[in-house]
Amino acid sequence: MVQSLRSVLGLALDVSFLGGPQPQRGVGVVAPFDFALDRELWRWVPDEVSLHLTRTPFVPVEVSLDLARLVSEHETLHDAVQALAAVAPEVVAYACTSGSFVGGVAGERAMCAAMSQAGEIPSLTTSGALLEALREIGARRIAVVTPYTRSVTDSLEEYLAEGGMTVTGRAYLGLTRHIWKVPYRDVVDMARQAVVGATDALFISCTNLPTYDVIPQLEAELRMPVLSANQVTMWAALRAIGAEAVGPYQALMDPAARSGPAGMSVSPMSRPLPVTDPVVESVIEAVEAVEAAVDEPEAALAGAASPGLDGDPADGLDPGFGTGLGEGPYLDDSGGPSPL
């Protein structure tokens with residue numbers, strides 16, 4: 001019927017107006033063999049950019065300092081970058097936090113040089129991106145959250161110290177596998193424990209730990225920028241090619257958010273800002289007068305409230321997000337995590 005109608009009317013299906021796919025800019029990503037959060041990386045990427053991922057070869061080692069060294073060997077990175085070079089990305093990012101901090105600042109720089117030489121492409125790492133992001137937001141006192149064991153967390157703290165940062169508090173889970181399965185509630189619990197004293201920012205380590213949706217919540221609650229491994233990796237890689245990462249309500253992506261509604265410099269229980277506009281002040285006074293007039297007859301009808309009957313409406317509700325995996329997060333001063 002459709003074909004006969006076209007014949008009668010002399011119509012031809014013309015799709016030339018579509019113009020074909022839009023040109024894409026490429027970002028290459030080298031990830032450890034057990035990386036499971038490809039989709040999370042894409043959430044920071046604008047439509048005009050494509051990610052090209054490759055993984056390091058499998059090794060039968062659990063998450064540890066030994067694994068971090070194995071997946072970051074220069075020969076391994078050389079082969080991965082050469083494979084990516086076939087699709088001509090504009091930059092290559094090594095998306096592994098522990099693999100890029102295990103050798104210290106000098107080791108991270110050597111990795112970048114080895115990758116750049118292998119593919120003749122500008123290269124960066126997660127840990128290098130972290131220091132860049134901390135300088136971008138002007139943070140030097142850092143709270144740290146990791147899913148790692150104590151020894152790997154110690155290595156991260158040493159790397160940050162070498163980069164001119166001070167770790168003010170930390171919490172870790174002590175995991176050696178299946179890190180991508182950690183729920184957001186465990187990340188939130190650890191963050192609340194790690195942020196103590198004067199802290200400029202919180203860093204959530206490990207590219208295999210999901211963080212995208214929890215960042216805005218933690219920034220609003222803690223009143224400070226919150227950075228994560230995948231976030232800083234994508235931010236730095238896109239910045240290197242002149243593109244902007246997509247991260248609504250994330251302070252690193254949006255400088256306005258650092259002094260916006262989240263009020264990064266305002267304590268959670270601070271008093272309201274003074275009203276200086278006389279028009280706004282008069283409106284507020286009028287509203288308060290109306291509220292007072294409405295409250296008086298209600299109070300008269302209801303009578304005085306009986307003491308002891310006004311329970312906290314939040315009684316019985318969990319103020320946090322549950323205990324999460326196993327025994328939950330551990331503070332460093334507890335002597336390290338219990339065996340899992």
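Not one N or O on the side chain of Asn208 forms a donor-acceptor pair closer than 3.5 Å with the backbone of Ile179. A donor-acceptor contact shorter than 3.5 Å links the side chain of Glu219 to the backbone of Ala251. In this structure, the side chain of Arg170 does not engage the main chain of Ala143 through any donor-acceptor pair within 3.5 Å.
Checked against side chain to side chain donor-acceptor pair (under 3.5 Å), Ser64 has no partners two or more places apart in sequence or in another chain. Taking Tyr212 as the reference, Trp44 meet the ring-ring contact (aromatic ring centres under 6.0 Å, His included) condition, with sequence neighbours excluded. Applying the ring-ring contact (aromatic ring centres under 6.0 Å, His included) criterion to Trp180, with sequence neighbours excluded, gives His178. Contacts of Ser50 classified as side-chain contact (heavy atoms from CB on, under 4.5 Å), with partners at least two apart in sequence or in another chain: Gln24, Trp42, His52. The side chain to side chain donor-acceptor pair (under 3.5 Å) search around Asp38 returns Arg55, not counting sequence neighbours. Annotation: side-chain contact (heavy atoms from CB on, under 4.5 Å) contacts of Asp213 (sequence neighbours excluded): Arg43, Tyr184. Scanning for side chain to side chain donor-acceptor pair (under 3.5 Å) contacts around Arg177 gives an empty result, with sequence neighbours left out. Take Asp34 and apply the side chain to side chain donor-acceptor pair (under 3.5 Å) test, not counting sequence neighbours, and it matches no residue.
Residues Gly163 and Arg135 approach most closely at O-NH2, 4.0 Å, considering heavy atoms. The two atoms that bring Val49 and Ala243 nearest to each other are CG2-CB, 4.4 Å, heavy atoms only. Between Val144 and Leu202 the shortest heavy-atom distance is N-CD1, 4.3 Å. Closest approach of Leu37 and Pro210 over heavy atoms only: CD1-N, 3.6 Å. In plain terms, the two heavy atoms of Ser205 and Thr146 that are nearest each other are CB-CG2, 4.0 Å. Ala198 and Arg141 get closest at one heavy-atom pair: CB-NH1, 3.3 Å.
In this structure, the side chains of Phe203 and Val226 stay at 4.5 Å or more apart for every pair of heavy atoms. Using a 4.5 Å heavy-atom cutoff, the side chains of Gln217 and Val188 are in contact. A 4.5 Å side-chain heavy-atom check between Met234 and Val29 finds at least one atom pair inside the cut-off. Counting heavy atoms from C-beta on, the side chains of Thr56 and Leu70 never come closer than 4.5 Å. Taking the side chain as every heavy atom from C-beta outward, Thr166 and Ile142 never approach each other to under 4.5 Å. At least one side-chain heavy atom of Leu209 sits under 4.5 Å from a side-chain heavy atom of Val187.
In this structure, Asp186 does not pair ionically with Lys181, as no charged nitrogen and carboxylate oxygen lie closer than 4.0 Å.
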Counting only pairs under 3.5 Å, give me each side-chain donor-acceptor contact of residues 99-106, with atom names and distances, residues two or more places apart or in other chains.
residue : atom : partner : partner atom : Å
Ser100  : OG   : Cys96   : O            : 2.6
Ser100  : OG   : Thr97   : O            : 3.0
Ser100  : OG   : Ser127  : N            : 3.1
Ser100  : OG   : Ser127  : OG           : 2.8

Taking only distance into account, with no hydrogens and no angle test, what donor-acceptor pairs under 3.5 Å do side-chain atoms of residues 76-95 form with protein atoms, sequence neighbours excluded?
residue : atom : partner : partner atom : Å
Glu90   : OE1  : Arg25   : NH2          : 2.7
Glu90   : OE2  : Arg25   : NE           : 2.9
Tyr94   : OH   : Val71   : O            : 2.9

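Surrounding CD of Glu244 are at most 12 heavy atoms belonging to other residues, nucleotides or ligands under 6.0 Å away. The local environment of CD in Glu48 is crowded, with over 12 non-hydrogen atoms from other residues, nucleotides or ligands closer than 6.0 Å.
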Side chain to side chain contact (heavy atoms under 4.5 Å, CB included) evaluation trace for Tyr159 with Glu108: CA-CA 10 Å; Tyr159 172 82; Glu108 190 276 333; 4.0 Å; yes

Side chain to side chain contact (heavy atoms under 4.5 Å, CB included) between Val145 and Leu173, worked out: CA-CA 9 Å; Val145 163; Leu173 285 172; over 6 Å; no

Working for side chain to side chain contact (heavy atoms under 4.5 Å, CB included), residues Leu134 and Leu160: CA-CA 10 Å; Leu134 290 172; Leu160 287 169; 4.0 Å; yes

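One distance of note links CE of Met190 with CZ of Arg185; it measures 12.0 Å at 0.5 Å rounding. Here the straight-line distance linking atom CG of Leu156 with atom OH of Tyr148 works out to 6.5 Å at 0.5 Å rounding. Separating the CZ atom in Arg192 from the CG atom in Leu222 is a distance of 8.0 Å, to the nearest 0.5 Å. In this structure, the separation between SG on Cys112 and CG on Leu124 is 6.5 Å, given to the nearest 0.5 Å.
Listed by first and then second residue, the salt bridge (Lys or Arg N to Asp or Glu O under 4.0 Å) pairs involving residues 234-243 are Glu132-Arg239, Glu136-Arg239 (not counting sequence neighbours). Residue pairs meeting the side-chain hydrogen bond (donor to acceptor under 3.5 Å, both in side chains) criterion with at least one member in residues 226-236, sequence neighbours excluded, are Glu40-Asn230, Thr126-Thr233, Thr211-Ser228, Gln231-Gln250.
Note on Met253 and Val246: separate hydrophobic clusters, where clusters join Ile, Leu, Val, Met, Phe, Trp and Tyr whose side-chain heavy atoms are under 4.5 Å apart, directly or indirectly. Linking ILVMFWY residues whenever their side-chain heavy atoms come closer than 4.5 Å, directly or via other members, places Val59 and Val63 in the same cluster. Hydrophobic clustering keeps Met224 apart from Val196 (ILVMFWY residues linked when any side-chain heavy atoms are closer than 4.5 Å, directly or through intermediates).
Looking only at atom types and distance, the side chain of Tyr172 has no donor-acceptor partner in the side chain of Thr149 under 3.5 Å away.
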